[in-house]
Asker: 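First the structure, then my questions, so here it is.
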Amino acid sequence: QGQLVESGGGLVQPGGSLRLSCVGSGFTFSRYGMRWYRQAPGKERELVAGIISTGGRTNYADSVKGRFTISRDNAKNTVYLQMNSLKPEDTAVYYCNAALWTGNSYYDAYWGQGTQVTVSS
């Protein structure tokens, strides 16, 4: 069975940075698009960033554009989320997701357990 494990979350002050990592196993990582989601207390899950299987195209939520960068290293079965200029509203549990492209949409295949990011003074 495929598995995704996130790491790198923690407590950081506003304006600080964190780098999240997500390592996949049990499936052919390079065939899957990867996405980062987040969910804050009382809020719906939000798509933060996505990257295609080859790493050639990325997408970001408007709220994080210019501050967050998604990247991947298929040789290491890892996707990253570099988060800079963090704001309190970025506080959430962050999840990584592996999905297959069907031609016009992604099919969710695997989810990580999540890692907590807290931005506070």
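Throughout, residue positions are numbered sequentially from 1 according to the sequence presented.
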Asker: So does Leu20 get a backbone contact from the side chain of Glu6, meaning a donor-acceptor N/O pair under 3.5 Å?
Answerer: no
Asker: Could you tell me whether Arg31 atom CZ has more than 12 heavy atoms of other residues or ligands within 6.0 Å of it?
Answerer: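 Open.
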Asker: Would you call the rings of Tyr95 and Trp111 parallel, tilted or perpendicular, taking 30° and 60° as the class edges?
Answerer: perpendicular
Asker: Rounded at 0.5 Å granularity, tell me how far CZ in Phe27 sits from OG in Ser25.
Answerer: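 So the CZ of Phe27 and the OG of Ser25 are separated by 7.0 Å.
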Asker: Does the cation-pi check pass for Arg45 over Tyr37, that is, NZ or CZ under 6.0 Å from the six-membered ring centre and within 45° of its axis?
Answerer: yes
Asker: Please report the shortest heavy-atom distance between Thr91 and Ala40, naming the atom on each side.
Answerer: O-CB, 3.6 Å
Asker: If you round to the nearest 0.5 Å, how far is CG of Asn77 from SG of Cys22?
Answerer: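 Rounded to the nearest 0.5 Å, the SG-CG separation comes out at 10.0 Å.
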Asker: Do the side chains of Met83 and Val12 join up, straight or via other hydrophobic residues, at under 4.5 Å, putting them in one cluster?
Answerer: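 Both belong to a single hydrophobic cluster.
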Asker: Which distance, rounded to the nearest 0.5 Å, do you find between the CD of Gln39 and the OH of Tyr94?
Answerer: 12.0 Å
Asker: Walk me through it: do Val79 and Ile70 pass the test side-chain contact (heavy atoms from CB on, under 4.5 Å)?
Answerer: CA-CA 7 Å; Val79 62; Ile70 188 171; 3.9 Å; yes
Asker: Where is the tightest heavy-atom contact between Leu81 and Ala49, given as atom of each residue plus distance?
Answerer: CD1-CB, 4.2 Å
Asker: Mind listing the closest non-hydrogen atom pair of Leu86 and Leu18 along with its distance?
Answerer: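 Taking every non-hydrogen atom into account, CD1-N, 3.8 Å.
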Asker: Is there a path from Leu47 to Tyr107 through hydrophobic residues (I, L, V, M, F, W, Y) whose side chains come within less than 4.5 Å of each other?
Answerer: no
Asker: Hydrophobic clusters here meaning ILVMFWY residues chained together by side-chain heavy-atom distances under 4.5 Å, can you tell me if Leu4 and Trp101 are in one?
Answerer: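 Looking at the clustering, Trp101 is in a separate group from Leu4.
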Asker: Is it true that Lys65 and Asp62 have a side-chain N and a carboxylate O under 4.0 angstrom from each other?
Answerer: yes
Asker: Asn74 side chain to Ser53 main-chain N or O, any donor-acceptor pair under 3.5 Å?
Answerer: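 Flag set: sc Asn74 to bb Ser53 pair under 3.5 Å.
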Asker: Answer yes if the side chains of Arg35 and Asn97 hold a donor-acceptor pair under 3.5 Å, and no otherwise.
Answerer: yes
Asker: Do the ring planes of Tyr32 and Tyr110 sit parallel (below 30°), tilted (30 to 60°) or perpendicular (above 60°)?
Answerer: tilted
Asker: If I compare all heavy atoms of Gln116 with all of Ala92, which pair ends up nearest, and what's the gap?
Answerer: NE2-O, 3.5 Å
Asker: In the structure I gave you, are the side-chain heavy atoms of Glu46 and Ser63 within less than 4.5 Å of one another anywhere?
Answerer: yes
Asker: Kindly compute the distance separating SG (Cys96) from CZ (Arg38), expressed to the nearest 0.5 Å.
Answerer: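 Output value for this atom pair is 15.5 Å.
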Asker: Could you check whether any side-chain heavy atom of Pro88 comes within less than 4.5 Å of a side-chain heavy atom of Ser120, counting everything from C-beta outward?
Answerer: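 No, their side chains stay 4.5 Å or more apart.
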Asker: With ring pair (Phe, Tyr, Trp, His ring centres under 6.0 Å) as the test, would you mind laying out the steps for Tyr60 and Phe68 before giving the verdict?
Answerer: CA-CA 8 Å; Tyr60 299 93; Phe68 290 11; 8.2 Å; no
Asker: What's the shortest heavy-atom distance between Ser17 and Ser85, and which atoms?
Answerer: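 Taking every non-hydrogen atom into account, OG-N, 4.3 Å.
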Asker: With a cut-off of under 6.0 Å to the ring centre and 45° to the axis, is Arg19 in cation-pi contact with Tyr80?
Answerer: yes
Asker: Kindly compute the distance separating CD1 (Ile52) from OG1 (Thr58), expressed to the nearest 0.5 Å.
Answerer: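 The distance works out to 9.0 Å.
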Asker: Hey, are the side chains of Arg67 and Asp90 touching, using non-hydrogen atoms and a 4.5 Å cut-off?
Answerer: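 Result yes, sub-4.5 Å side-chain heavy-atom pair found.
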Asker: Grab the two heavy atoms, one from Thr78 and one from Ser21, that are nearest each other, plus how far apart they are.
Answerer: CG2-CB, 4.3 Å
